[in-house]
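Whatever order the structure lists ligands and atoms in, that order sets their numbers, starting from 1.
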Amino acid sequence: MTEGVWAAPGRVNLIGEHTDYNDGLVLPFALPHTVVATAARRSDGVLRLRSANEPGGAVELRVRDLAPGHGPRGWTDYPAGVHWALSTAGHRLGGADLSFESAVPAGAGLSSSAALEVATALALNDLYGLGLDRPGLALLCRRAENEYVGAPVGIMDQTASACCTAGHALYLDTRDLSRRPIPLDPGAHGLTLLVVDTRVRHAHSGGEYAGRRAGCEAAAVALGVPALRDIGPAGLPDALERLPDPRARALVRHVVTENARVERVADALVSGALPAVGPLLTESHTSLRDDFRVSCPELDLVVESSLVAGALGARMTGGGFGGSAIVLTESVGAEAVTAAVESAFASASYEPPVIFAAKASEGARRLA
Ligand code: ADP
Ligand code: MG
């Protein structure tokens, strides 16, 4: 029996990468691609989870046994973790049947994990009448991913999936969680924003991501600030002088300049100066490649080949080490840019990338 159907989208981060665990600024937008959850309550205290994207059939867990580090590890940790986070926060909820079907490619830097969590949270919130608002659900989804899955991610992905609106990016200050929709309609300016999934798969919960995060936190301690967010562009030269370790200096330089780029991109979007966004995307990529060191040869090749083919700007998006890049191009040149990236990948003997035009779409919602 089905009681309802809910959908939560993946997201593209336009700019503001590796800033969300530094109390910084981000500017994601929702994709039309969603995780759809078909759900119903159960009265026997069982959480039954099934995903059309995962072989192996349904997994049944007892809700009273849910605890970080217990039970099977794997994809079910995301929805089970959301149930656990809701219960741990004091909400009363019983078992459920949850069936997922996803069009968000997993591990592509498009946040399939947050889409899975937010679809689960929205379904359980409605089924059990918990009355939580979107930002509140996003916080509990992050808690599930941090504490139950064990991935030290920031708040961007869950907030984007839960709170984005169609035709807009979401300017999010990850310190005070204030949000502002910013119009994003490249098509109206004769521009196209391409997403290029390199199909190189990363693992966020892996050591590299955690290592960058720990490096940022150590640099903030060394500089005597609560978070790197507190170093503005004016304070950057002094901060760099005070850090003896060149790797720490590079991390700080990325975070400080990236926060400033988010502001500049938001300003350009508000004033309708969309082409000015291009070079800022490319600057972000250079900073992520050289200072933060989270790119990879495939992502670099997307950026280089698209720029040579006339794109206005390009950068990796998401955590890095694979996944996706975005490319801003004039719409008349989009086909040539697509062909150039495909041909560069073929010449390098990389797997063919998956390329599509992104449209800022609506956030999580109930479908039925
Ligand atoms: P991203 O969020 O960038 O896609 P992550 O590594 O954070 O990458 O999350 C990917 C993981 O999320 C997958 O390995 C899988 O465990 C889980 N996942 C995502 N989508 C689904 C789905 N439709 N069904 C089951 N598990 C999924
Ligand atoms: Mg993820």
(message) Taking distance alone, with N or O pairs closer than 3.5 Å, would you say Gly109 contacts ligand 1?
(response) yes
(request) Return yes when at least one N/O/S atom of Ser112 is nearer than 2.8 Å to the Mg ion (ligand 2), and no when none is. (result) no
(request) Could you say whether the N/O atoms of Gly74 and ligand 1 ever approach to under 3.5 Å? (result) no
(message) Under a plain distance cut-off of 3.5 Å, with no hydrogens placed, do Ser161 and Arg11 share a side-chain donor-acceptor pair?
(response) no
(request) Mark up the atoms of ligand 1 that fall under 4.0 Å of a heavy atom belonging to Asn53, in ascending order. (result) 23 (N)
(request) Anything under 30° is parallel, anything over 60° is perpendicular, the rest tilted; go ahead and classify Phe356 against His33. (result) tilted
(message) Below 4.0 Å, non-hydrogen atoms only: which portion of Phe100 touches ligand 1? Side chain, backbone, both or neither.
(response) neither
(message) With heavy-atom distances below 4.0 Å as the criterion, list the atoms of ligand 1 near Ser102.
(response) 23 (N)
(message) Minimum distance, heavy atoms only, to atom 24 (N) of ligand 1: which one of Ala151, Ser51, Gly10 is it?
(response) Ser51
(request) Tell me, please: is Leu110 in heavy-atom contact with ligand 1, that is, under 4.0 Å? (result) yes
(message) Could you tell me if Asp185 and His168 have a donor-acceptor pair between their side chains, going purely by distance under 3.5 Å?
(response) no
(request) May I ask which of Ala115, Ala119, Ser113 has a heavy atom nearer to atom 2 (O) of ligand 1 than the others do? (result) Ser113
(message) Please enumerate all residues that pass side chain to side chain donor-acceptor pair (under 3.5 Å) together with Arg175, with sequence neighbours excluded.
(response) Asp23, Asp230
(message) So for Ala106, does at least one of its heavy atoms come nearer than 4.0 angstrom to any atom of ligand 1?
(response) yes
(message) side-chain hydrogen bond (donor to acceptor under 3.5 Å, both in side chains) for Ser331 and Thr192? Distances and angles first, verdict last.
(response) CA-CA 5 Å; Ser331 298; Thr192 297; 2.7 Å; yes
(message) Measuring centre to centre across the rings, with the benzene-like ring taken for any Trp, is His83 within less than 6.0 Å of Tyr78?
(response) no
(message) Can you tell me how the ring of His254 sits relative to the ring of His18, calling it parallel under 30°, perpendicular over 60° and tilted otherwise?
(response) perpendicular
